[in-house]
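Take a look at the structure set out below.
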Amino acid sequence: MTEFTPVEALAGGALIGLSAVFAMAFYGRIAGISGILGGFFAAKTPDRSWRGGFLLGLLAAPLGYWLVTGIKPDVELVVPLSIIVAGGFLVGAGTALGGGCTSGHGVCGIARMSQRSIVATICFMATGILTVYVMRHILGVW
Amino acid sequence: MRQFLGSFAIGLIFGLGLVISIMINPLKVLSFLDVAGDWDPSLALVMGSALFVTWVGYRFVLRRPAPVLAPSFSLPTKRDIDMRLVGGAAIFGIGWGMVGFCPGPAITALAVGESQVLYFGIAMIMGMVITRWLLALSDRAKQPA
């Protein structure tokens, strides 16, 4: 459906890595988005301003990119709203239960050689691939 | 305020990584997960590149006694591979495969996407809040009074 973009992938990935290294070097923190986000909305959070700053930085990125390059980043959702909402709930519940997402487990955790993160990453990759197979090739949703 | 500006800059770099790697676009992610279709391997290179930089950076950073602006490193302490980890990751993967959004790109895309991104975000945050609340309840029930 989309073109292979190796240069963009390697460059963008390096920036994500750089951000993870800075979060650890300056604040001693894992750059795990589900954890940062979940903690921001938790009742008792002593570090809400740190979390809020990080989340606002995420939001500012596509706007800054758009301003500088004049190109608005594409966000293409190909499934109906009911599936978007159900998927959103599962992403939130699953990352809270499993203690991390693509960034916390997939990047930071594996970089620390955490066995938990390696297992988690294999699990969400496997169910992600399986779900797309069912959605696209069996149910024909998109 | 200094904490806020520092984390804003780090979040901005992360977000730019998601924009430049095109991972902000759920269709790009679904095209990676669609191994039986017209496969786009880009996401593997994004993760590989991010992992390489993080792995190298952590080697240097974690050798230091403490972070630059905090008293100590806050590293996860859990070691056990339990049902919460495996089940949670599996559930996350199902939601990821249904839409093509994981938490980072979903938040980043809120700034430029249509209202559907907002609905995804609200559902995701509700999923997080409810699950954390249930986990806290269950942990409290396990502790002797």
Side-chain angles (χ1 to χ4, degrees), chain A residues 1-2 4-5 9-10 12-17 19-28 33-34 38 49-50 53-54 57-59 61-63 65 73-77 83-85 87-98 101-103 107 111 119-120 123-124 127-129 131-132, chain B residues 3-4 7-8 10-17 19-21 24-25 27-28 31 33-34 40 42 45-46 49-50 53-55 57-58 61 67-70 73-74 81 88-99 102-104 107-109 111-113 116 120 123-124 127-128 131-132:
Chain A
M1 292 295 285
T2 52
F4 180 39
T5 47
L10 291 172
L15 283 178
I16 293 169
S19 168
V21 173
F22 284 163
M24 189 59 75
F26 287 99
Y27 299 101
I33 312 301
S34 63
S49 72
W50 191 92
F54 190 99
L58 285 183
L59 286 168
L63 298 175
Y65 179 88
D74 277 334
V75 178
E76 296 167 277
L77 285 158
I83 294 178
I84 290 176
V85 170
F89 190 86
L90 292 179
V91 167
T95 54
L97 187 62
C101 58
T102 338
S103 50
V107 175
V119 169
C123 286
F124 67 67
T127 56
I129 287 169
T131 303
V132 167
Chain B
Q3 279 243 323
F4 177 85
S7 64
F8 179 85
I10 295 172
L12 185 68
I13 296 170
F14 198 107
L16 285 175
V19 171
I20 288 167
S21 65
I24 188 176
N25 188 353
L27 185 58
K28 186 87 178 158
S31 300
L33 294 173
D34 186 19
D40 176 358
S42 304
L45 292 193
V46 178
S49 173
V53 172
T54 308
W55 187 80
Y58 275 12
V61 168
V68 180
L69 299 173
F73 293 108
S74 327
I81 291 163
I91 292 169
F92 160 47
I94 293 171
W96 191 38
M98 283 166 71
V99 184
C102 53
I107 296 297
T108 308
V112 287
Q116 295 156 306
F120 181 93
M124 176 174 75
M128 283 180 177
T131 305
R132 279 173 169 244

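Naming: A, B, ... by sequence-line order, numbering from 1 per chain.
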Between Ser42(B) and Thr5(A) (side chain of the first, backbone of the second, donor and acceptor by atom type, cut-off under 3.5 Å), is there such a pair? yes
Approximate separation, where rounding is to 0.5 Å, of Asp34(B) CG and Ile129(A) CD1: 10.0 Å
Under 4.5 Å, counting heavy-atom pairs only, tell me which of Trp96(B), Phe73(B), Phe8(B) racks up the most with chain A. Phe8(B)
Is any side-chain heavy atom of Met1(A) closer than 4.5 Å to a side-chain heavy atom of Asp40(B)? no
Just how far is it from atom CD1 of Ile10(B) to atom CH2 of Trp50(A), taken to the nearest 0.5 Å? 6.0 Å
Locate the shortest heavy-atom distance separating Thr95(A) from Met128(B); write the atom from each residue and the value. OG1-CE, 3.7 Å
For the residue pair Phe120(B) and Leu77(A), establish whether any side-chain heavy-atom pair is separated by less than 4.5 Å. no
Top of Gly28(A), Ala23(A), Ala120(A) for chain B proximity - count of heavy-atom pairs under 4.5 angstrom: Gly28(A)
Given Pro73(A), Cys101(A), Ser103(A), the one with more heavy-atom pairs under 4.5 angstrom with chain B than any other is Cys101(A)
Does any part of the side chain of Thr102(A), heavy atoms only, come nearer than 4.5 Å to the side chain of Phe92(B), both counted from C-beta? yes
Pick from Leu90(A), Ile83(A), Val119(A) with the largest number of heavy-atom pairs that fall under 4.5 Å of chain B: Leu90(A)
Greatest number of heavy atom pairs closer than 4.5 Å to chain B - which of Ala14(A), Gly88(A), Gly12(A), Ser34(A): Gly88(A)
As an exercise: rank Ala123(B), Gly15(B), Ala90(B) by heavy-atom pairs under 4.5 Å with chain A and give me the winner. Ala123(B)
Note, Val91(A) side chain near Pro103(B) side chain (heavy atom, < 4.5 Å): yes
First locate atom CG of Leu33(B), then atom CZ of Phe124(A), and finally report the distance between them rounded to the nearest 0.5 Å. 10.0 Å
Give me the atom names and distance for the closest heavy-atom approach of Gly97(B) to Val132(A). O-CG2, 3.4 Å
Residue part contacting chain A, namely of Val61(B), when any heavy atom lies under 4.5 Å: side chain
Which one wins on heavy-atom pair count under 4.5 Å against chain B: Leu10(A), Leu15(A), Leu97(A)? Leu97(A)
Under the ring pair (Phe, Tyr, Trp, His ring centres under 6.0 Å) test, residues paired with Tyr58(B) that sit two or more places apart: none
Do you know which of Thr2(A), Val75(A), Ile33(A) has the most heavy-atom pairs with chain B at a distance under 4.5 angstrom? Thr2(A)
Can you tell me which portion of Val107(A) sits under 4.5 Å from chain B's heavy atoms? Options are side chain, backbone, both or neither. both
How many angstroms lie between atom CG of Leu59(A) and atom CG of Leu12(B), to the nearest 0.5 angstrom? 10.5 Å
Per-residue tally against chain A (heavy atom, under 4.5 Å) across Ser7(B), Gly93(B), Ser21(B) peaks at Ser7(B)
Heavy atoms of Ser49(A) and Phe4(B) approach each other most closely as O-CD1, 3.5 Å
Check whether any side-chain heavy atom of Val112(B) lies under 4.5 Å from a side-chain heavy atom of Tyr65(A), and answer yes or no. no
Structural part of Val53(B) lying under 4.5 Å from a heavy atom of chain A: both
Pair count under 4.5 Å, heavy atoms only, with chain A: among Ile81(B), Val99(B), Thr54(B), highest is Thr54(B)
